[in-house]
Amino acid sequence: MPQPVTLETLDGVAVITIDNPPVNALSQPVRAGMLAAFEQAGQRGCRAVVLHCAGRTFIAGADIRELGRPIQEPLLPDVLDRIEACAVPVIAAIHGTALGGGLETALAAHFRIAVPDARLGFPEVNLGLLPGAGGTQRSPRLIGIQAALDLMVGGKPIDAPRALQLGLVDRLAEGDLAAAAVAYARELIDTGGGPRRTAELPVDASGLAHDFFAQVRATVARKSRGLPAPQRIIDCVEQATRGQFAEGCAFEREQFMQLLHSPESAGLRHVFFAEREAGRVAGLPADCPLRPVGSVGIIGAGTMGGGIAMNFANAGIQVTLLEVSQEALDRGLKVCRDNYQRSVATGRFSARQAEQYLGGISGTTDYSAMADADLVIEAVFENPDIKKTVFRKLDEVCKPGAILASNTSYQDINAIAAVTSRPQDVLGMHFFSPANVMKLLEVVRAEKTADDVLATVMKLARTIRKVPVLAGVCHGFIGNRMLQSYFREAQMLLLEGATPAQVDQALESFGMAMGPLAVADLAGLDIGYKARRAIADLADHPSVHVADQLVEMGRNGQKSGAGFYRYDRATRKRQDDPEVEGLIRAEADRLGIRPRTFTAEGIIARAIYPLINEGARILAEGIAQRPGDIDIVYVYGYGFPAHRGGPMFYADTVGLDKIHRSICMFRDTLNRPGDWQPAPLLQRLAHAGGKFAS
Ligand code: NAD
């Protein structure tokens, strides 16, 4: 096996090169190799050391596959202490990304030089962790307390020019980085610039308000909803102001180990791996040919069509939007324009970029404009007859080999494909609203969808920066199918005595981005109302009686100023509404349901366990490939808390036996046995002491 770390000497300068593709992660052989190379550099009497990386990036981080396993020596903090202790100047030469342990390594060097497009950051917080190899102690010494907190608590990388401003790097390199780093080394040798050890710098806490850390803790707790990692980072930085570097490092290590074993970090790490796994389709050959997609047509420029168009335009793919009338088209294009203007106002895009992206979207009312499109996505009204008419039309006008997709939320893609002469080219691409923002894309494979069509769309999803999850055909696919039981129970809880605020607050305390009743108000109560009128058997469930009455009173949700809540026109803040509570009580009386009181835990179990139960059915039916895929759908599409890992991972942490017992108890006590039949897979795993993950 080739050595991942090599040393060569250039006229008194040791050049240590890390070559551990693909991203030079800090796996054990790299740590051991660095240690050995620095020893050797000392033995050879080198007068300076340059540390750099081969390939496309500097060290992009720890090898996270090693997390959660027994760590093999040498440990990174020890390696970094050895690097910092070096008797001659050490220069880190940074290109690509220096992230996490990679940035900690750079901070243990005495000087840092970076190419202008390099990026540096501490993303550990995103996995529920903190920089555990001296990062929390070295960064405040180098760039100050506030900047260090921003970098570590925010978890977002910064670019090299910003890093230069902060003092995180000392120089930007023009041209060949390794040559510039060696020249920097010679300059230091010539001018007698010795080692400059970050650990020996003081932490400047002068000028901080006496309650500085308390204030930071409170602000961060609000933003991160009490997650532990950001708080522990603040603790470590405060510790850095109090004592010696070594004490700070010991404290940091302790905090790191606690976080490593926390459920929050386990959940976040699961999501990290599940997201990568979700893109893989079992049984698709790795060398499956892809169809080129250089132009996209979109049918329908409503809420979804416009947002979908923006995704492609932002990726440099030409888009043509088709509408039924010029008026509808103008309205759709205006929504795109307004969205881009908002992005410019918030600084997401420059005015020039926005102009360029908008220029990539053109409009038409003529189907012949679809003749050359490589992919056409239908996003018209959720009505099967209209959708089939559109697909017949597309079958007539589109070129052979064009991929035909539907953004339907519920319709049967097999039936849609069947109206065309090319069902192998048809599949579902289910985007989430707002389509230009939400990261999830459910890719729905129909019975006859060809492998290369599926492979092309899974790959294309990444091009437009979405997270694709494969789903099979059923009513609502993965996400919306599960959601029905969640909404059902949220609304039954109202009839049984909980208020809308109690239900929403309980689920928000669990970590849901927004409670279900507030979500229903935001989406518009009229949408579900109309859908129920289209499917007779859904209309009859007692859970929807209140929502139906609200719609009939003109309370369509946030957009009409009232739904389950009343909304302040200016702030859109929700307020409890006694009128709704009266309505709920009257309906409960009519149904003979006696009000009870609920704990937050009780509400959470009632709303979340049905998600898990339906998820188990979806898994057993093969609608989802793996439990992690369901988790990704819920985390990226429905605001499920990532630190709980998604509903299926959460179920494994609670214990399937406990969940199964609760579901049986609800079945036996709630008088709606049809709603609470335990899924056979859940039952089997619960009895066998198994997990979804296994
Ligand atoms: P919408 O009512 O906002 O927009 C539909 C648009 O389609 C309208 O502008 C209409 O003029 C146009 N249209 C209707 N018939 C057409 C035809 N024959 N040819 C061309 N254009 C036609 O609806 P939406 O919310 O954008 O939903 C569109 C689809 O996306 C639906 O299938 C819906 O289920 C699905 N979807 C919606 C959401 C959501 O949150 N709104 C989320 C995911 C998926």
Side-chain angles (χ1 to χ4, degrees), residues 410 474-498 500 502-504 506-517 519-520 528 532 537-538 540-547 593 596 598-621 623-624 627 629-631 633-635 637-641 644-686 692:
Y410 292 99
C474 65
H475 185 74
F477 314 122
I478 298 173
N480 282 342
R481 172 170 158 183
M482 287 165 65
L483 198 65
Q484 286 179 357
S485 57
Y486 173 73
F487 276 138
R488 182 193 70 215
E489 292 308 315
Q491 295 178 86
M492 285 311 296
L493 282 162
L494 301 182
L495 293 171
E496 290 169 36
Q502 281 168 353
V503 173
D504 282 347
L507 287 154
E508 285 162 8
S509 75
F510 174 77
M512 297 300 293
M514 203 188 238
L517 302 163
V519 167
R532 287 193 287 279
D537 58 340
L538 282 184
D540 216 30
H541 198 281
S543 60
V544 297
H545 290 179
V546 169
I593 302 175
R596 301 184 276 138
F598 288 89
T599 60
E601 292 71 41
I603 291 172
I604 291 165
R606 274 284 296 278
I608 300 292
Y609 290 4
L611 275 182
I612 296 164
N613 201 33
E614 196 60 33
R617 287 203 179 88
I618 282 174
L619 208 53
E621 289 169 25
I623 295 295
D629 285 14
I630 298 176
D631 290 331
V633 166
Y634 263 77
V635 170
Y638 297 86
F640 197 95
R644 297 200 191 264
M648 308 314 272
F649 183 86
Y650 172 69
D652 280 347
T653 58
V654 172
L656 299 189
D657 181 46
K658 176 169 177 218
I659 290 174
H660 178 253
R661 271 188 280 121
S662 299
I663 288 177
C664 291
M665 189 265 287
F666 291 138
R667 177 196 59 198
D668 298 340
T669 56
L670 288 176
N671 219 5
R672 287 180 287 122
D675 289 342
W676 283 99
Q677 285 308 316
L681 175 65
L682 174 66
Q683 185 156 358
R684 204 170 63 239
L685 288 172
F692 288 124

**OP:** Measure the shortest side-chain to side-chain distance between R617 and I623 over non-hydrogen atoms and say whether it is less than 4.5 angstrom.
**Re:** no
Subject >> N613 (side chain) donor-acceptor with Q677 (main chain) under 3.5 angstrom >> reply: yes
Subject >> Min side-chain heavy-atom separation F692-L682 under 4.5 Å >> reply: yes
Subject >> Any donor-acceptor N/O pair, Y650 side chain to G645 backbone, under 3.5 Å >> reply: no
Original post:
Side chains of Y486 and P610: does their closest heavy-atom pair fall under 4.5 Å?
Top reply: no
Subject >> N671, CG: over 12 other non-hydrogen atoms inside 6.0 angstrom >> reply: no
**OP:** Output yes when a side-chain donor or acceptor of Y638 lies under 3.5 Å from a complementary backbone atom of N480, and no otherwise.
**Re:** yes
Subject >> Which residues share a side chain to side chain donor-acceptor pair (under 3.5 Å) with R667, sequence neighbours left out >> reply: none
Subject >> NZ/NE/NH1/NH2 to OD/OE distance under 4.0 Å, R488 and E614 >> reply: no
Original post:
Can the ring centres of F640 and F510 be said to be less than 6.0 Å apart?
Top reply: yes
Original post:
Would you say E508's side chain and G515's backbone share a donor-acceptor pair under 3.5 angstrom?
Top reply: yes
Subject >> Validation row: L495, H545 side chains within 4.5 angstrom (heavy atoms) >> reply: no
**OP:** Using the salt bridge (charged side-chain N to carboxylate O under 4.0 Å, His left out) rule, take R606 and E601 through it: C-alpha gap first, then chi angles, then the decisive distance, then the call.
**Re:** CA-CA 9 Å; R606 274 284 296 278; E601 292 71 41; over 6 Å; no
**OP:** Report the residues that fulfil salt bridge (Lys or Arg N to Asp or Glu O under 4.0 Å) with E621, sequence neighbours left out, ordered by chain and then residue number.
**Re:** R481
Subject >> Side chain to side chain, Q491 and E496, heavy atoms closer than 4.5 Å >> reply: no
